[in-house]
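Chain A is the first sequence line, chain B the second, and so forth, proteins listed ahead of strands; every chain is numbered from 1. Quick note: numbers below take in every heavy atom, side chains included, and nothing from hydrogens, waters or symmetry partners.
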Amino acid sequence: MAYAASAIRGAISDIPAEMAIAIATIRQNLLTVRLPSVHARWDGKACAKTVNIDSPSSPYSGGGSGIMRTLPTHQPTGTMAEYYDFRTLEERWRNQWEADKTFAVSTDPTREKYYLLEMFPYPSGKLHVGHLRNYTIGDAIARMKRMEGKNVLHPIGWDAFGMPAENAAIQRKSHPATWTMSNIDEMRRQFKLMGISYDWDREVATCHPGYYRWTQWIFARMLDEGYAYRKSSPVNWCESCGTTLANEQVVDGACWRCDNTVVLQEREGWFLKITAFAEELLDGLDGLTDGWPERVLTMQRNWIGKSVGAEVTFQVEGGGEITVFTTRPDTLYGATFMALAPEHPLALKLAEGIETEREVKAFIDEMAGQDAEQRTGEKAEKRGVFTGRFARNPLNGELIPIWLANFVLIDYGSGAIMSVPAHDERDFAFARQYDIPIRIVIAPEGGDDKDWLAEAESMTDAFSGDGIMVNSGPFSGQENRGMGIERVVEELERRNIGKRQVNYRLRDWGISRQRYWGSPIPVIHCPACGPVRVPDADLPVILPTDIPFPEDGKSPLHTDPAFYEAACPACGGPGRRETDTMDTFMCSSWYFNRYPSARCEAALADKADLDYWTPVDQYVGGIEHAILHLLYARFFNRFLHSIGVTSRPEPFARLLTQGMVVKDGAKMSKSKGNVVPLDEMAAKYGADATRLFILFAAPPERDLEWSDAGIEGASRFMNRISRFVIGSLNRLKGAAAPATPADLPKELADIRRLTHRTIERVRGDFGRFQFNTAVAAVMEMLNGVTGHFGADGGQGEGTGGDAVLAEAVGTMLTLLYPITPHLTTDLWSRIAPEAPLWDRPWPVADPLCLTRDELLIVVQVNGKLRSRITVPADMSEEAVKETALNDPKIVESLGGKPPRKVIVVPGKLVNIVA
RNA sequence: GCGAAAGUGGCGGAACUGGUAGACGCACUGGACUUAGGAUCCAGCGGAUCGCUCCGUGGGGGUUCGAGUCCCCCCUUUCGCACCA
């Protein structure tokens, strides 16, 4: 007894000396230490203390690291709980995994591969538990797949270019590179601390020249293939970020990163022709329906926004023509006016020299001064002005007025529309406001034969449904859908005044950023040759990091002659290097193709490696990238596939979008000030307990509410399983294979059934990534097993139970390993030091152990639970029915009424209808 | 406005194809071990009567021997889209 107290005294130097006057008792394998109550606290904080008892005479000394226990300091006094020493144990295995490169993999076509990827992080500082969820889910999958025998590629890297580094540099009077690198170091440490099983040899950072060389190379290929081009156009400008943004990066009229209102500004810049892939990107989604969440597919479909219709040309009375796009050529006879966007090239021209000119000009000027919110926002009302000119309806020859309207968008279709107020809500509202005639040309199916021309007067809403064409010349009487549309288009094509046309909402991707911390665009502008791309041999164009970063945040590239002065690669004359940098989304659009051969110098990636590893089998990340990153990455991959670089058109076979971590009703984030620091959790509860809680608290797709009490529970479970396994150790060494259930006493057969049923449940749960129920199943199993063997695993010693116990312990540790790898590995190493847990195969349930010889049958009367009966498993349906009917509770419940009908669900229930 | 998902104890959440609602965990209550207990162990824990029983999965209808689960209507919340012709 005495050694325990002295061990404690020695181990905790900061406990006051009198504290060590402790009473220690050992009962079974549990050490209980009592301390005098006068020492209410020796440290005001509610954190834990660790006590290492590692005496040679200790019953716990066999395991090497010994048993350690934490003593919660907030207890006034305390018996030490049976805590496990997660600090020492987690560090030990973490170090071993790193030293041995346990999770490093190589291309091996003889083995089945599994590529698991979490969206790589932006190195913004330290990780908090909100970040961790993504990586914990990924790690659980990776570790499980390894146990299933797969060759698992599980890499990590850093999305390391971007604005926040520049902002931080200004604030700290530092340099974006310095800030980024130190964040990467910090976060790498934290990933290792949490025991995420990455192949660190494949780490990439997008700001490394060895990486962005290939980002530039991809841009060069796009330039060669005509998918990268330069144009001047109105682009989204974020004043607070001091840069332009792509359409995808504008959310509700505001910058996706800083939430500042975005304004349109005419600027010249580089664009990528993502629209050329619109159809492919849309079609590709059909192949992802099994593996991607439906709502992500829907969001991408909506974003691409395909519309099928026709292009129709209208002749302007007095010269000129206007082309419109419509999805409803069947309503052409109902077009009673045309409307142009105020920015339309003809807008002012039409009114030139006639009496409407001044009014039209005023309208155009007014609209030019409005931002997107005023123009197309929720409260924007329909506004317009008559140009004074008319166009001729190409089918019925009628003259219709040409208007300018605020609701017509210049950058969709041709920036002009034909307006059919009877069958389009927007046109209807506009027509009513400006007293433009409304003409019905589609009659609702089954509607009475009315005078449809007169009917328009009393319309209160546009009718946008389908029906029969009326007032439509030779087309009248047809169904509009299908044949009607088809016939009209044929007629337009025959007369050469229109044609079939598909339009997309998707726009080309503007990638020029007027910032410093990004990949340089490999182009030199030459006064003679125009923009010329830098030859491949000269890549990468290095982003200079040795130039001072100015305090005003302006990109030093624009003002650094050493950077921008360059000879034209084509003519050798003096040129100017492109000083804008690339959108960082370009860097993250292909990184998953780099991991398979992360250090490849000769190419973006080695083809054999790509053939073997891609596509990513399971991608894990946040829903916020449903469009942004996931659309760009698909685009890049398809482009690279089209030029023979990547092996598959689609990059991600399956996608899991995890929910956010919320605390106090808000998403956990630094700006909200509700973060739970990772280091703190690791120090207080350990990496395993933190991981366990994250996976246990909610299914992955749903939001997770952080709970300080919840992680205490996770920690308790770690403690209980640790106590149980350590207590059982002496029974496990050399335990034989368990006997078949038939040869075991009922209680032990039940334990084996519990073991194998748990294997079944966890298998199913892992398959659906329902880690919360998988954990619950193992918790249940531990409850059942401790119920039989005792919390210390010592009960029933010397019986044939050792083998059953050994099977149960091995199973629990294996099933839990993907979630809490450190503790399970450590405990297993005490049972079988020669074979590490991570090399064990994933368990398979033995059907023999799942069978039962007795079944519990629920008996209902009129659907209400009335009794439960236990019957032999092989009892016939008829006999089960009889047993149920003769059950005393059922007899009473029936009260002599004869059963009208009896339903028997084999193995489950009997329902008696009376 | 349109579309999608979701509403289950005090809380997080289970219930796979309709078949014992509330697994597992948290919180709470009682007990044990104790000088002490915010540790540990045991027990209880949807509501009402607290014996049998009745009512309970947002509300209302329906289908069925049987509905948290399927169908219809409504309410609430979250997310996405919102002049894209």
Enquirer: From the options B:G66, B:A82, B:A14, select the nucleotide whose nearest atom is closest to the side chain of A:Pro699.
Expert: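 Between B:G66, B:A82, B:A14, the one nearest the side chain of A:Pro699 would be B:A14.
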
Enquirer: May I ask you to check whether A:Phe86 and A:Tyr685 place their ring centres under 6.0 Å from each other?
Expert: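 Distance test on ring centres: not under 6.0 Å, no.
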
Enquirer: Looking at B:C65, B:C81, B:G12, which one has an atom nearest to any side-chain atom of A:Arg505?
Expert: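 Taking heavy atoms from C-beta onward, the closest nucleotide is B:C81.
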
Enquirer: Taking only the C1' atom of each, what is the distance from B:C11 to B:A27 in whole angstrom?
Expert: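 Roughly 7 Å separates the two C1' atoms.
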
Enquirer: Nearest to the side chain of A:Leu909, which nucleotide is it out of B:C83, B:G19, B:C24?
Expert: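 Nearest nucleotide to the side chain: B:G19.
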
Enquirer: Using OP1 and OP2 only, check whether a side-chain N or O of A:Asn772 sits under 4.0 Å from B:A14.
Expert: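 Answer yes for this pair, as a side-chain N or O of A:Asn772 is under 4.0 Å from OP1 or OP2.
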
Enquirer: On a whole-Å scale, what distance lies between the P atoms belonging to B:U53 and B:C71?
Expert: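 My reading of the P atoms in B:U53 and B:C71 gives 34 Å.
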
Enquirer: If you find the nucleotide of RNA chain B closest to A:Glu780 and the one closest to A:Asn302, which residue's nucleotide is nearer the 5' end?
Expert: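 Nearer the 5' end of the strand: A:Glu780.
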
Enquirer: Would you indicate which nucleotide in B:G19, B:A14, B:U40 comes nearest to any side-chain atom of A:Arg702?
Expert: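 When the side chain of A:Arg702 is considered, B:A14 is the closest of B:G19, B:A14, B:U40.
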
Enquirer: Any side-chain donor-acceptor pair under 3.5 Å between A:Arg720 and A:Asn783?
Expert: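 Per modelled atom types, A:Arg720 and A:Asn783 side chains form a pair under 3.5 Å.
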
Enquirer: So if I take every side-chain heavy atom of A:Asn783 and compare against B:C65, B:G13, B:C24, which nucleotide ends up nearest?
Expert: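 Nearest listed nucleotide: B:C24.
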
Enquirer: Look at A:Glu311 together with A:Arg500 and state whether they make a salt bridge at an N to O cut-off of under 4.0 Å.
Expert: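 Salt bridge: no.
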
Enquirer: CD of A:Glu425: more than 12 outside heavy atoms within 6.0 angstrom?
Expert: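 No, the 6.0 Å shell around CD holds no more than 12 heavy atoms from other groups.
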
Enquirer: Please compare A:Val775 and A:Gly863 by the position of their nearest nucleotide in RNA chain B and report the one closer to 5'.
Expert: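 Between the two, 5'-proximity favours A:Val775.
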
Enquirer: With rounding to the closest Å, how many angstrom separate the C1' atoms on B:G68 and B:G13?
Expert: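 It comes out at 14 Å once rounded to the nearest Å.
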
Enquirer: Are A:Lys382 and A:Phe407 in a cation-pi setup, meaning NZ or CZ lies under 6.0 angstrom from the ring centre and within 45 degrees of the ring axis?
Expert: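 Yes.
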
Enquirer: Identify all stems in which RNA chain B takes part, counting only runs of at least 3 consecutive pairs (Watson-Crick or G-U wobble, each distance under 3.5 Å), and give each as one range with another, ordered by first number.
Expert: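 When the pairs of RNA chain B are grouped into runs of at least three, the stems are B:1-7 with B:75-81, B:10-12 with B:24-26, B:28-32 with B:40-44, B:46-48 with B:53-55, B:58-62 with B:70-74.
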
Enquirer: Write down the distance separating the C1' atoms in B:U77 and B:U40, rounded off to the nearest Å.
Expert: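 It comes out at 42 Å once rounded to the nearest Å.
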
Enquirer: So, for A:Phe724 and A:Val785, which heavy atoms are closest and what is the spacing to 0.1 Å?
Expert: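 Answer, listing the atom of A:Phe724 first, then A:Val785: CZ-CG1, 3.0 Å.
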
Enquirer: Among B:C81, B:C65, B:A85, which is the nearest nucleotide to the side chain of A:Lys901?
Expert: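 For A:Lys901, the side-chain atoms sit closest to B:C65.
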
Enquirer: Taking only the P atom of each, what is the distance from B:G56 to B:A5 in whole angstrom?
Expert: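 Nearest-Å result for B:G56 against B:A5 at atom P: 28 Å.
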
Enquirer: Where is the tightest heavy-atom contact between A:Arg505 and A:Trp303, given as atom of each residue plus distance?
Expert: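 Heavy atoms only, the tightest pair is NH2-CE3, 2.7 Å.
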
Enquirer: Pull up the glycosidic torsion of B:G9 and say syn or anti, syn being anything within 90° of 0.
Expert: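 You should classify B:G9 as syn.
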
